[in-house]
Undergrad: 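Sharing a structure, written as structure tokens. Questions coming.
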Amino acid sequence: MKRIVLGTVSAAAMISASFAAAEPSAEVLHYWTSGGEAKSVAVLQKEFADNGGTWTDMPVAGGGGDAAMTALRARVLSGNAPTAVQLKGPAIQEWYEEGVLADISNVAEAEGWADVLPDSIAGHMKCEGNWCAAPVNVHRVDWIWANADVLEANGVEMPTSWDEFNAAAEKLQAAGVIPLAHGGQSWQDATVFEAVALGILGPDGFRKAFVDLDEATLTSDEMKAVFDQMRTMRGYVDENFPGRDWNLATAMVMNGEAAFQIMGDWAKGEFLAAGKVPGEDFLCASTPGEGFLYNVDSFAMFDVDGDDKRQGQELLAKLIVGQNFQKVFNLNKGSIPARTDVALEEFDSCAHLSSEDMTASSEGGSLLPSYAHGMALRGAQAGAITDVVTSHFNSDMSSEDAVQQLLTAVQNSM
């Protein structure tokens with residue numbers, strides 16, 4: 001492993017003479033480009049500007065972030081890293097090992113992050129004990145969204161088991177409604193797959209399969225059942241799903257073209273941006289089964305030259321974990337604050353449900369990192385699993401062949 005030489009970012013240095021002539025500046029690479037996401041990142045841009053900063057926006061379209069990571073690697077290899085980058089999970093550690101991240105521990109300590117962030121989330125933000133990233137939020141991944149009017153018109157309730165989901169889908173399909181809005185992109189396939197897997201494998205089985213990569217679990221009868229359910233669900237999507245962006249699938253639920261979507265709570269940000277009201281226009285519930293799959297958005301600061309950029313990193317880190325941004329950003333984004341001391345009075349019913357379920361899952365040992373969204377595994381292992389999931393979903397591959405390919409892919413990625 002290449003050991004990092006940290007470009008230390010000192011909170012105290014913000015007021016030191018070395019920064020006297022500098023104004024905070026930051027080039028920020030992110031992949032928040034949909035309507036709700038763009039509105040959310042604008043909150044940070046405004047707060048940064050209000051505090052004297054100059055923000056250079058570098059958005060890279062693509063909800064899964066793959067294109068953004070390709071752009072980031074090109075920038076780093078050219079010796080011109082952005083000031084701050086939207087990163088999460090093990091990807092933070094991978095870039096740390098490349099020796100290109102800045103240390104923001106002094107900011108974190110001055111702001112008391114350790115006192116207001118859950119241990120599980122704080123753990124993702126540290127690199128060998130040093131704070132190297134700032135958490136923005138907590139997204140729940142295992143959500144099912146529905147058009148309230150469509151369900152009422154067809155006498156359908158929100159499903160609490162996969163059998164109930166299948167029965168509802170059959171009824172909706174017979175009525176001419178697309179049961180499941182889905183975009184045929186690999187990360188969306190993986191999102192649905194891990195929600196199904198959590199429900200069928202249970203929290204312990206999910207952890208064994210997608211955190212521990214336990215070979216027996218990966219090839220178990222329960223895993224075959226997961227692929228069986230995915231094959232069934234393939235019949236509930238419309239023929240135009242290949243290549244569709246996730247927010248366009250959300251729009252299908254909004255306009256009543258489709259009944260359900262399985263997607264993280266960034267989908268709620270789209271509903272809210274369109275003026276839709278939870279509990280009236282759209283419904284939310286966890287996907288069938290126990291547990292809570294989390295995805296934490298965060299920003300890592302890259303080692304850069306220039307007092308203005310380093311001051312910009314300090315300001316960004318401070319604002320990102322600040323109470324005001326945590327509240328306003330997450331009200332727009334659809335997620336809940338990473339800080340535990342932010343009041344939720346202004347948040348909607350879906351956010352309250354998410355917060356309650358996260359607390360209960362944390363206490364019960366079923367709070368789990370999402371594999372599909374880069375929280376549980378490094379890129380090679382996660383990509384190997386997703387390749388099999390997408391291949392199965394878009395072919396006539398049997399569930400028996402899928403679990404064997406899953407095992408082989410994981411073994412080859414190690």
Side-chain angles (χ1 to χ4, degrees), residues 34-36 63 140-196 198-200 226-289 334 348-350 353 389-390 392-396:
S34 72
R140 184 176 195 168
V141 175
D142 52 317
W143 281 108
I144 183 167
W145 309 94
N147 182 297
D149 290 340
V150 168
L151 263 57
E152 182 178 6
N154 290 278
V156 171
E157 301 288 335
M158 288 292 275
T160 59
S161 70
W162 289 111
D163 285 342
E164 287 182 11
F165 178 88
N166 295 342
E170 296 289 347
K171 187 173 184 179
L172 290 161
Q173 204 164 43
V177 177
I178 298 169
L180 181 63
H182 183 62
Q185 297 170 336
S186 59
W187 72 271
Q188 294 190 60
D189 298 338
T191 298
V192 176
F193 174 78
E194 71 171 357
V196 173
L198 178 62
I200 293 177
V226 174
F227 281 103
D228 285 343
Q229 177 62 23
M230 290 294 290
R231 172 64 65 236
T232 298
M233 294 172 77
R234 174 64 178 81
Y236 299 146
V237 304
D238 65 295
E239 62 182 15
N240 296 319
F241 82 99
R244 177 186 291 137
D245 287 336
W246 70 269
N247 52 311
L248 299 181
T250 304
M252 292 172 64
V253 178
M254 279 192 218
N255 63 31
E257 184 181 356
F260 297 114
Q261 182 186 22
I262 295 172
M263 186 53 61
D265 50 21
W266 47 93
K268 186 183 70 176
E270 297 298 295
F271 284 108
L272 297 178
K276 304 299 182 180
V277 179
E280 297 179 15
D281 302 309
F282 68 96
L283 306 176
C284 63
S286 63
T287 52
D348 59 72
S349 57
C350 298
L353 175 61
V389 170
T390 293
H392 172 268
F393 196 71
N394 291 283
S395 70
D396 59 359

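When reading the values below, keep in mind they use all heavy atoms of this one structure, side chains included, and skip hydrogens, waters and symmetry mates. No experiment lies behind these values; they were computed from the predicted model shown.
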Undergrad: Assess whether side chain to side chain contact (heavy atoms under 4.5 Å, CB included) is satisfied between Thr287 and Phe260, documenting all intermediate values.
TA: CA-CA 11 Å; Thr287 52; Phe260 297 114; over 6 Å; no
Undergrad: When you look at Met254 and Thr250, which way does the side chain to side chain contact (heavy atoms under 4.5 Å, CB included) test go after all the steps?
TA: CA-CA 6 Å; Met254 279 192 218; Thr250 304; 4.0 Å; yes
Undergrad: Sub-3.5 Å donor-acceptor pair from the side chain of Asp348 to the main-chain atoms of Cys350, do we have one?
TA: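 Judged by distance alone, yes, a pair lies under 3.5 Å.
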Undergrad: Once you round to the nearest 0.5 Å, how far does CD1 of Ile144 lie from SG of Cys284?
TA: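 With rounding to 0.5 Å, CD1 (Ile144) is 11.0 Å from SG (Cys284).
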Undergrad: Show the nearest heavy-atom pair for residues Gln261 and Ala267, with the distance to one decimal.
TA: OE1-CB, 4.1 Å
Undergrad: Determine whether Leu248 and Phe241 make a side-chain contact, defined as any pair of heavy atoms from C-beta on separated by less than 4.5 Å.
TA: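 Not touching, per the 4.5 Å side-chain cut-off.
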Undergrad: Over 60° means perpendicular and under 30° means parallel, so classify the ring planes of Phe193 and Phe227, tilted if in between.
TA: tilted
Undergrad: Output every pair passing side-chain hydrogen bond (donor to acceptor under 3.5 Å, both in side chains) with a member in residues 231-244, not counting sequence neighbours, ordered by first then second residue.
TA: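 Applying side-chain hydrogen bond (donor to acceptor under 3.5 Å, both in side chains) to every pair that reaches into residues 231-244, excluding sequence neighbours, yields Glu170-Tyr236, Arg231-His392, Asp238-Arg244.
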Undergrad: Distance only, no hydrogens: is a donor on one side chain within 3.5 Å (strictly under) of an acceptor on the other, for Glu257 and Asn147?
TA: no
Undergrad: Mind checking side-chain contact (heavy atoms from CB on, under 4.5 Å) for Ala190 and listing every partner two or more places apart, or none if nothing turns up?
TA: Tyr371, Ala372, Thr386
Undergrad: Could you tell me whether the side chain of Asp228 reaches within less than 4.5 Å of the side chain of Trp162, counting heavy atoms only?
TA: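 Sidechains of Asp228 and Trp162: no contact.
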Undergrad: Which salt bridge (charged side-chain N to carboxylate O under 4.0 Å, His left out) pairs, counting each pair once, include a residue from residues 142-160, with sequence neighbours left out?
TA: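 As it turns out, the salt bridge (charged side-chain N to carboxylate O under 4.0 Å, His left out) pairs with a partner in residues 142-160, which skip direct neighbours, are Arg140-Asp142.
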Undergrad: Looking at Ile262 and Ala195, what are the two nearest heavy atoms and their distance?
TA: CG2-CB, 4.0 Å
Undergrad: When the side chains of residues 173-182 are checked against the rest of the protein, which donor-acceptor pairs come out under 3.5 Å, sequence neighbours left out?
TA:
from   : atom 1 : to     : atom 2 : distance (Å)
Gln173 : NE2    : Gly235 : O      : 2.9
His182 : NE2    : Asp189 : OD1    : 2.7

Undergrad: Please report the shortest heavy-atom distance between Ser34 and Trp246, naming the atom on each side.
TA: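 Reported closest heavy-atom pair: OG-CZ2, 3.4 Å.
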Undergrad: Could you go through the side chain to side chain contact (heavy atoms under 4.5 Å, CB included) check for Phe165 and Val196 one step at a time?
TA: CA-CA 11 Å; Phe165 178 88; Val196 173; over 6 Å; no
Undergrad: Can I get a per-line list of side-chain donor-acceptor pairs under 3.5 Å for residues 271-282, giving both atom names and the distance, sequence neighbours left out?
TA:
from   : atom 1 : to     : atom 2 : distance (Å)
Asp281 : OD2    : Val277 : N      : 2.7

Undergrad: Which residue pairs pass the disulfide (SG to SG under 2.5 Å) test when at least one of the two sits in residues 145-182, sequence neighbours left out?
TA: none
